[in-house]
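Structure first, commentary second.
Sequence lines set the chain letters: A, B, ... in the order given, protein chains first and strands last, and positions in each chain run from 1. No experiment lies behind these values; they were computed from the predicted model shown. Side chains are part of it too, since the values below use all heavy atoms of this structure and drop only hydrogens, waters and symmetry mates.
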Amino acid sequence: MTDRALSGCRIIIVEDDYYQAHDCKQMLEQAGAKVIAVSAVVPDLDALLADGRLDAALIDINLGQSHTFDFARELNAKAIPFAFLTGYDAGILPDDLSASTCISKPANINRVIEVIANIAARPT
Amino acid sequence: MSDFPDKTQDSLFITAFSALPDAACILEPLGGADDAGCDWRYLSSNPAFCQLLQVDDLAGMSLRARFPKVAQQWSDHFHRALSSKTSQVVTQEDPDQPRLFEVSLTPLAHGEYGAVLARVRDVTSEHLARERRREADARYKLLFDAIDEGFCIIDVIFDDKGTPVDYRFVEANNAFVSHTGLIDPIGKTMRALQPDIEDHWPAIYGRIAMGGVAERFESESSAMGRWFDVFAFPIGEQAPYQLGILFEDVGQRKAMEMALRHSENRLHSLIEATSDLIFQMNPDATEMQQVGGRDLLGNPGAATNWIEAFVLDSDRAAVQAAVAAAISNRQPIEIEHRVVTAQGALKWLSSRAVPVLGDDGEIAEWFGMAADITTRRQVEQQLSHGAQMLRVASEIGRVGLWDWNVESGELTWSDEHFRMEGYEPGEIVPTYDVWAARLHPEDRATTEAKIADAMRTGGEYLNEYRVCQPNGDVRWLSARGRFLFGEQGQAVRMLGAIVDTTQRRREEEWQRLLVAELQHRVRNLIGMVRSVARLSAPSHRNVSDYVDHLIGRLQAMGRTQSTLTRSPGRSVDLSELVREELLVHAAQPDQYHLDGPPIALSPHAAEIVTLAIHELAANSIKYGALGDTGYIRIVWKTLDRDGKPWISLRWQETAPPHKTKFNRKGFGRRLIEERVPYELQGEGRFEIHDTGVLAQLDFPLSNAGSILETRS
């Protein structure tokens, strides 16, 4: 049933590791999601939104040169649901983001799909 | 002349009467003894009488007839002598001449009315002499009363055994009262006036009264509360003599003397108590003679050149200089120096001497004292040793110390404490406020509460707080201290020590980050391995091939990490990296050519480049130049793109055309064409030409970390 779990969901992935980003994209697409963008760096959110709505974001915390806390805040500000997918423990989150959903790496893909399905702003 | 019963006896009496040296006559009353106005008749008169009055024998003559004025003058006296039957002495002036007679009237039994024997003595000169003496006495008395000293004349009173027990005042002058406090003494005994008078007073006076030798002495009468200076001398012809006593109450002088002596005694005691040696020196302070105190130098006797004899060789020059300076300035000598005693013991002395100036203003001598301060010096040395050790230990251990006098507010910091607060040692005077001013604002409330708590409970003060130094540095300090309390339980002092825990805290933080990072990296690595494994899968139908490829790729990743751990600069030299990959794939030096400037790759880039070279080399062995007679040129250069440094790395194979069979989009090709742009924001080309494979990796040079390096 996973192929329908995320059907129609417009999702972006922010992950600096090519292989993992590629993996996630593949899995989420298999679950029916439409992956709008995969990026190793913090993407331009406004540019992405210009092309259409975003239902959810799956973001790594550490992008090598930068972290995604500000991006997460931007998502919060625009009420776009997101989940962190990270090798860190949830304890590393700053106070204002500590309520964010956090998935620990290496993650079972079913777990990722389930979480995204829960948080995603589903189109009616 | 009446009858005498015995003629012989009569003649004897007449002869005796006539021979009396005193003028004498015998008279009988005429006409009755009671008749006051009666006349008297001379019965007899002796030659002395006749001579005195310049008359012939008067026997049988009437007194009134012969001497009418005398009869009138004397009749009553004769009658009184007769009627009283007792002798009378009457002194009368001669009515005719300036003479004075002393007449002794003795009644005699004679006839019916009796008779009177009158012995007449001319006392005119005696009287005159007495008058003169009285005048002299008055003058003496005046003199005695005029002198300031007390004077008295006493009779010493002896008991039955001849022991002097008391004395009676015969005379006393006016000053007597003020010197003794005894009022109206004349005729009274000393014991009557002062019952508790000490026995030594009558004893001394008794000795003089008996011995007749004047004495001068000072003595106290505690009964009278006075001190007397006394000169007592005998008066009279023989023992027991009367005593004249000239004396003075010297109580006040004595009290002053006593006070002076007391104060001298105290001074002496003080000197004895505080110093060990008291000495005199000659004007040039070379010859020293001990005049008191302890035998400190082992040679208190003769004057010695003390600097030569006792002062330690190494201290001699300093002592001589100090003495010379004192002499030229006429200032006291005040030095601490070492001496070697006559017994060879080494001692520290504190020597002080003051110059005594003569009338000419020159130094006449030196007077001084020296105290043995060996023990004090040792204690001081130990203390200074201890203080030095503490200081060195606190400097080496970087421990800051403080001592806060809570009552006076005085605060003492060790040098390190100053530095911890961002001050040069001694730069400011530390106070509680100075200290509090540099407390980190967020730590102030907690810190002050902890101090108050320790002060209240007496427990240990334990606190870790931040200090803001003026240069912007924030230091973490860990303090440990304790209050000391006074007798009333009030906090009087606070002592404590501080260590700087900034570095430890930084390391702890670093370690925490490192653990988190390692965890992150390991999880990432596992994720990556999983992805690599999955991506490797489609290109191989055969499991052992798949495993070989997978292991090869994982080993390449492992090599990057080894290189990274070897190079402390956290960057990897590109040339070295390529050579190692080729070596691993057993490429011979004649099969390839490397050319490019030295390039330091970031760990992240190194990881990708390693894997790319690995894939290219593996493919080349299988399909290309390395598996045949081909040749590989690997060249790189740096270039500038939009103001950022880029690297351009090119892998160009020259191989027989038949061998080239590598057009699938396999793991290596995707790595170059997709991962390089994705992760390194660069460009990747993988092309198969007739001559062989051409791969090109262009990416910006940055210093992003590896999976085991901490990315910020």
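Of all non-hydrogen atoms in B/Leu611 and A/Tyr19, the two that sit nearest each other are CD2-OH, 4.0 Å. Contact between B/Arg675 and A/Tyr18 at its shortest, heavy atoms only, is CG-CB, 3.4 Å.
More than 12 heavy atoms of other residues, nucleotides or ligands sit less than 6.0 Å from atom CD of B/Glu509.
Pairs of residues two or more places apart, or lying in two chains, that qualify as salt bridge (charged side-chain N to carboxylate O under 4.0 Å, His left out) and include a residue from residues 75-86 of chain A are A/Asp46-A/Lys78.
Proximity to chain B at a heavy-atom threshold of 4.5 Å picks out A/Val38, A/Ser39, A/Ala40, A/Val41 from residues 35-42 of chain A, in numerical order.
Residues B/Glu679 and A/Asp17 meet the side-chain proximity criterion, which asks for heavy atoms closer than 4.5 Å.
Annotation: the span from B/Leu513 atom CG to A/Ile92 atom CD1 amounts to 7.0 Å, rounded to 0.5 Å.
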